[in-house]
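Side chains included, hydrogens not; waters and symmetry mates left out as well; all remaining heavy atoms used. Residue numbers begin at 1 in each chain, while the letters A, B, ... track the order of the sequences.
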There are 2 protein chains.
Amino acid sequence: MTEPSPSRASLACLPHDHSHCVSDALASAERICAQLGVRLTVLRKRVLELVWQSHKPLGAYDILGVLSGEDGRRAAPPTVYRALDFLLETGLVHRIASLNAFVGCNHPGEAHQGQFLICRSCHAAVELEHPAISTAILDGARTVGFQVEGQTVEVLGLCAPCQAAA
Amino acid sequence: MTEPSPSRASLACLPHDHSHCVSDALASAERICAQLGVRLTVLRKRVLELVWQSHKPLGAYDILGVLSGEDGRRAAPPTVYRALDFLLETGLVHRIASLNAFVGCNHPGEAHQGQFLICRSCHAAVELEHPAISTAILDGARTVGFQVEGQTVEVLGLCAPCQAAA
DNA sequence: GTGAAGGACGTTATTCTATAACTCTTTTCC
DNA sequence: GGAAAAGAGTTATAGAATAACGTCCTTCAC
């Protein structure tokens with residue numbers, strides 16, 4: 001379930017050319033949907049783009065607010081939630097339970113559990129892939145005979161730039 | 001932050017004399033509130049008792065439903081949420097973000113991060129205390145210079161009895 | 001005891017999050 | 001072309017949480 005690879009994390013709150021994040025994410029999404037034989041419609045792509053506008057997890061109603069009044073489009077909650085459900089199922093976005101919000105997945109197409117470092121100052125969510133965490137969870141679960149199917153790991157704190165700023 | 005102690009977990013979904021869980025929890029609560037110099041009022045104690053009625057995380061509106069119509073008490077959401085906020089602050093209950101629900105703390109009075117194994121079949125939430133998980137999280141955070149302030153670890157799956165039943 | 005101060009709770013209203021159920025349109029595929 | 005299915009619009013509602021204000025009750029100084 002967890003291959004012994006080194007820990008990885010996204011740039012997120014570090015300064016970077018964010019347009020690359022967006023274009024890469026959209027390109028990956030096209031490729032993955034093609035592979036899966038599912039349709040990345042205009043709406044779904046637009047929602048994915050909005051989620052990727054920053055590394056801050058975005059609420060469904062934030063997305064709704066942007067969509068409404070855009071083009072001639074009228075949007076209601078189910079419109080957004082259906083698109084988000086699709087993006088969650090295809091692994092293109094993650095849901096942050098502790099924030100009721102959604103964030104783009106940094107390495108879609110690869111099986112992984114979402115692990116997030118959420119900065120309480122700049123609100124960026126850094127996706128971490130630290131196999132030791134999953135391993136420790138599987139380990140702990142095994143001690144009580146629990147069969148793991150999904151992991152929610154959300155860590156609140158201060159990212160490096162915000163520590164420096166404070 | 002995490003002392004090297006062996007992994008622990010509650011009985012939860014295993015058969016056990018649950019009345020002990022409730023009475024122990026209430027006794028601990030009395031003691032802890034006395035130590036802290038805060039008031040475990042009738043309402044707060046009642047909410048704590050309801051949360052401990054089972055090991056299944058309970059929604060705020062479930063609690064509200066029970067309280068309403070009880071005695072001559074009339075209850076509105078803020079009544080329940082204030083009691084829950086108090087119980088969270090004093091460490092007597094935990095909130096399960098992925099369920100929007102609350103569950104009694106198995107070892108109140110001890111500093112710890114809540115780690116939960118949630119059975120998708122019987123809905124019991126087993127509180128785990130597996131220091132290796134916290135250690136791995138701190139470790140992963142350190143690799144990107146993230147300063148951890150709080151951990152949310154919620155694992156979905158099947159508990160041992162439910163695996164056997166299936 | 002009295003009265004001020006603060007804590008706890010009641011009450012009303014509202015916001016935010018999410019889904020149900022139904023309709024219509026668009027795409028796919030034979 | 002036409003049936004079937006997928007996608008999206010629409011309306012309504014459920015579920016989770018908080019804001020703001022009022023009232024009562026405890027506590028503690030005097």
Side-chain angles (χ1 to χ4, degrees), chain A residues 29-30 33-34 36-51 56-90 92-103 123 152 154, chain B residues 29-30 33-34 36-51 56-90 92-103 123 152 154:
Chain A
E30 296 278 13
C33 287
L36 293 175
V38 295
R39 292 168 53 198
L40 185 62
T41 63
V42 172
L43 175 66
R44 290 166 175 176
K45 193 169 179 176
R46 179 71 183 122
V47 169
L48 181 61
E49 194 181 5
L50 287 174
V51 165
K56 306 186 204 332
L58 205 59
Y61 281 72
D62 296 327
I63 295 169
L64 187 56
V66 177
L67 285 185
S68 295
E70 209 171 60
D71 316 316
R73 214 195 304 276
R74 266 173 292 178
T79 297
V80 173
Y81 281 102
R82 277 191 292 240
L84 287 170
D85 286 345
F86 170 85
L87 296 171
L88 286 170
E89 277 164 21
T90 51
L92 297 172
V93 305
H94 290 287
R95 182 170 189 275
I96 310 289
S98 59
L99 298 176
N100 292 329
F102 303 84
V103 72
H123 302 114
T152 298
E154 298 170 11
Chain B
E30 296 279 14
C33 287
L36 294 175
V38 295
R39 292 170 50 198
L40 186 62
T41 63
V42 172
L43 175 66
R44 289 166 176 177
K45 193 169 179 176
R46 180 71 183 124
V47 170
L48 181 61
E49 195 182 3
L50 288 174
V51 166
K56 305 187 205 331
L58 205 59
Y61 280 70
D62 296 327
I63 296 169
L64 186 58
V66 177
L67 285 185
S68 294
E70 210 172 60
D71 315 317
R73 214 195 302 276
R74 265 172 295 177
T79 298
V80 172
Y81 281 102
R82 277 191 291 240
L84 287 170
D85 284 346
F86 170 86
L87 296 171
L88 285 169
E89 276 165 21
T90 51
L92 298 172
V93 306
H94 290 287
R95 182 168 188 276
I96 310 289
S98 58
L99 299 177
N100 291 329
F102 302 84
V103 71
H123 302 114
T152 297
E154 299 170 11

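- Interatomic distance, A:N100 CG to A:R95 CZ, rounded to the nearest 0.5 Å: 5.0 Å.
- Not a single donor-acceptor contact under 3.5 angstrom links the side-chain atoms of B:Y61 to the base of D:dA14.
- Partner of A:V47 under the side-chain contact (heavy atoms from CB on, under 4.5 Å) criterion, out of A:V42, A:I63, A:L64: A:I63 alone.
- One interatomic measurement links the two molecules: CZ of A:F86 to C1' of C:dT19, which rounds to 20 Å at whole-angstrom precision.
- Distance alone, capped at 3.5 Å, is enough to place a donor-acceptor pair between the A:D62 side chain and the A:G59 backbone.
- Between A:A60 and A:V80 the shortest heavy-atom distance is O-CG1, 3.6 Å.
- Nucleotides of DNA chain D nearest to A:T79 and A:N100 differ in position, and the one nearer the 5' end is that of A:T79.
- In this structure, the nucleotide among C:dA18, C:dC9, D:dA8 sitting nearest to the side chain of B:L43 is C:dC9.
- Minimum atom distance to the side chain of B:R95 is reached by D:dA17, of the listed D:dA8, D:dA17, C:dT12.
- If you check distances only, the side chain of B:R82 never reaches the base of C:dG7 with a donor-acceptor pair under 3.5 Å.
- Look at CZ on B:R44: it is 13 Å from C1' on D:dT26, rounded to the nearest Å.
- Annotation: of the two residues near DNA chain C, B:V42 and B:A76, the 5′-most nearest-nucleotide partner is B:V42.
- The side chain of B:R39 lies closest to D:dT26, out of D:dT11, D:dT26, D:dA17.
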